[in-house]
Amino acid sequence: MAERDNAFLSVRHLVKRFGSHTALSDVSLDIRAGELVCLLGPSGCGKTTLLRAIAGLERQDSGTIVLSGRDISHAEPQARDYGILFQSYALFPNLTVAQNVAYGLSGKRAHRSHVASRVEEMLTLVGLAGAAGKYPGQISGGQQQRVALARALAPSPSLLLLDEPMSALDARVREHLRIELRALQKRLSITTLMVTHDQEEAMVMADRIAVMNGGVIEQYGTPRELYRQPGSAFIADFVGEANWLPFERVDAHRARVGRQELAVDEALDARSGRLFVRPEAVRVSAARLEQPNAMLADVLDGVFLGRGYRLALRLEGVPGATVHSIVSPEIGDALLGPHAASRCWVELPRHAIRAYA
């Protein structure tokens, strides 16, 4: 209740159907003022439908949307006080950069001098002060994205909606612009909701992430919470890399995996299921390890990542199971060099293991 009371944008029990398909199933979401929240999930999970419903571009079948204390559930899009940036940027090719930005002010009945001043201010804000007279076809994709962002921000909206804003850019430009966009959002302190299917983008940019699947929000939390404490097997598998091992319960804190017995900190309720551990948590050593969850393993393969290696390991006593580990360059060199042994010791730390039925 406290979260809802402090929310700048509050979505409650939203339902949206397209024929027999339910795109949104009783979705509720609260966003605090100045927060950047990402809607993350696979294609068809409902994230874009949720953003479009908030924008008024899709009408929900039921549920409410409240922005800054005002019920906008049935308001027209132009009455909802938001700026929006689409994946395609939707710039007018026959208008200059300055004219495209000014288009966002066309309904404000502002004086011409004020419009010119605001356009100059917005272009300076996004680092395009010298591009006012150019046309969209004369600037790069990254610069076009900045123009579209300037246009969205020009009317000083209270909410910014971003629909896959960087998916059309190449990886290097995307990586640079996500940092720029996040810095700008913090500087303006504008409440922002962004749709993305890129988990790295969400982890880098968001204050909180709502992971969607099948028309519902499976988990809503900070990037750290989602990564370290995934609330379901879907979250664990979708956010980051995952190792999975089938288990049978021995007692509350012991699980049998193949012929191996592993200690776990988390209480095991289910009689069987899958154990989950992140690759970077898997400890690897050429020397013998004496910890409870240590076992021998065969080194099947290794990929050099620059900052280290990603190893594929077959655990002794666990038929058919391959575990991946991220290790330092020193350990990788020792295990993959021309005179290296093909076996090593592996520890699955008990605190890093989570169980899912």
Side-chain angles (χ1 to χ4, degrees), residues 170-176 178-179 182 198-206 209 222-230 233 235-247 253-266 274-356:
D170 64 59
R172 193 157 196 168
V173 174
R174 190 165 64 243
E175 185 175 338
H176 178 69
R178 67 173 58 141
I179 295 171
R182 177 56 165 153
D198 185 332
Q199 59 171 278
E200 182 180 339
E201 190 167 273
M203 298 288 279
V204 168
M205 295 184 67
I209 301 170
T222 66
R224 181 173 295 185
E225 287 168 347
L226 293 174
Y227 193 82
R228 294 184 176 177
Q229 300 163 340
I235 300 292
D237 204 38
F238 187 76
V239 179
E241 292 186 70
N243 288 308
W244 294 100
L245 296 169
F247 78 91
H253 293 284
R254 288 185 300 159
R256 182 171 290 109
V257 178
R259 298 190 302 274
Q260 298 283 352
E261 199 169 286
L262 299 178
V264 297
D265 283 349
E266 178 183 308
R274 294 187 298 164
L275 298 181
F276 154 83
V277 62
R278 296 286 185 199
E280 63 270 21
V282 177
R283 186 183 174 198
V284 177
S285 174
R288 183 182 180 90
L289 296 172
E290 301 293 346
Q291 284 72 17
N293 289 353
M295 64 195 84
L296 281 167
D298 294 312
V299 181
L300 301 179
D301 193 16
V303 177
F304 183 62
L305 304 174
R307 65 185 185 278
Y309 287 85
R310 186 176 189 270
L311 301 180
L313 308 159
R314 181 188 293 126
L315 304 178
E316 185 176 87
V318 188
T322 299
V323 166
H324 292 94
S325 176
I326 306 297
V327 300
S328 68
E330 294 75 19
I331 292 175
D333 289 342
L335 293 174
L336 297 169
H339 305 295
S342 60
R343 307 201 83 193
C344 63
W345 283 86
V346 171
E347 179 200 358
L348 306 180
R350 58 185 296 161
H351 67 83
I353 298 173
R354 296 182 67 88
Y356 297 92

Side chain proximity check, [X] to [Y], heavy atoms < 4.5 angstrom:
{"X": "R259", "Y": "P319", "result": "yes"}
{"X": "L245", "Y": "L348", "result": "yes"}
{"X": "E175", "Y": "V204", "result": "no"}
{"X": "M295", "Y": "L262", "result": "yes"}
{"X": "R174", "Y": "E201", "result": "yes"}
{"X": "P279", "Y": "N243", "result": "yes"}

Where [X] and [Y] come nearest, the two heavy atoms and their spacing:
{"X": "W244", "Y": "A233", "answer": "CZ2-O, 3.8 Å"}
{"X": "A263", "Y": "I353", "answer": "O-CD1, 4.0 Å"}
{"X": "Q260", "Y": "V318", "answer": "CG-CG2, 3.8 Å"}
{"X": "L313", "Y": "C344", "answer": "CD2-SG, 3.9 Å"}
{"X": "Y309", "Y": "P329", "answer": "CE1-O, 3.6 Å"}
{"X": "P223", "Y": "A206", "answer": "CG-O, 3.6 Å"}

Look up atom [atom1] in [X] and atom [atom2] in [Y], then write down how far apart they are to the nearest 0.5 Å.
{"X": "E241", "Y": "Q199", "atom1": "CD", "atom2": "CD", "result": "8.5 Å"}
{"X": "Y227", "Y": "I209", "atom1": "OH", "atom2": "CD1", "result": "12.0 Å"}
{"X": "D301", "Y": "H324", "atom1": "CG", "atom2": "NE2", "result": "8.0 Å"}
{"X": "I235", "Y": "E225", "atom1": "CD1", "atom2": "CD", "result": "12.0 Å"}
{"X": "R288", "Y": "W345", "atom1": "CZ", "atom2": "CH2", "result": "3.5 Å"}
{"X": "H351", "Y": "D265", "atom1": "NE2", "atom2": "CG", "result": "7.5 Å"}

(message) Using a 3.5 Å distance criterion without hydrogens, assess whether the side chain of R310 forms a donor-acceptor pair with backbone atoms of V303.
(response) no

(request) Look at the side chain of S325 and the backbone N and O of V282, then say whether any donor-acceptor pair between them is shorter than 3.5 Å. (result) yes

Within 6.0 Å of [atom1] in [X], more than 12 heavy atoms from elsewhere:
{"X": "R254", "atom1": "CZ", "result": "yes"}
{"X": "E266", "atom1": "CD", "result": "yes"}
{"X": "R314", "atom1": "CZ", "result": "no"}
{"X": "E200", "atom1": "CD", "result": "no"}

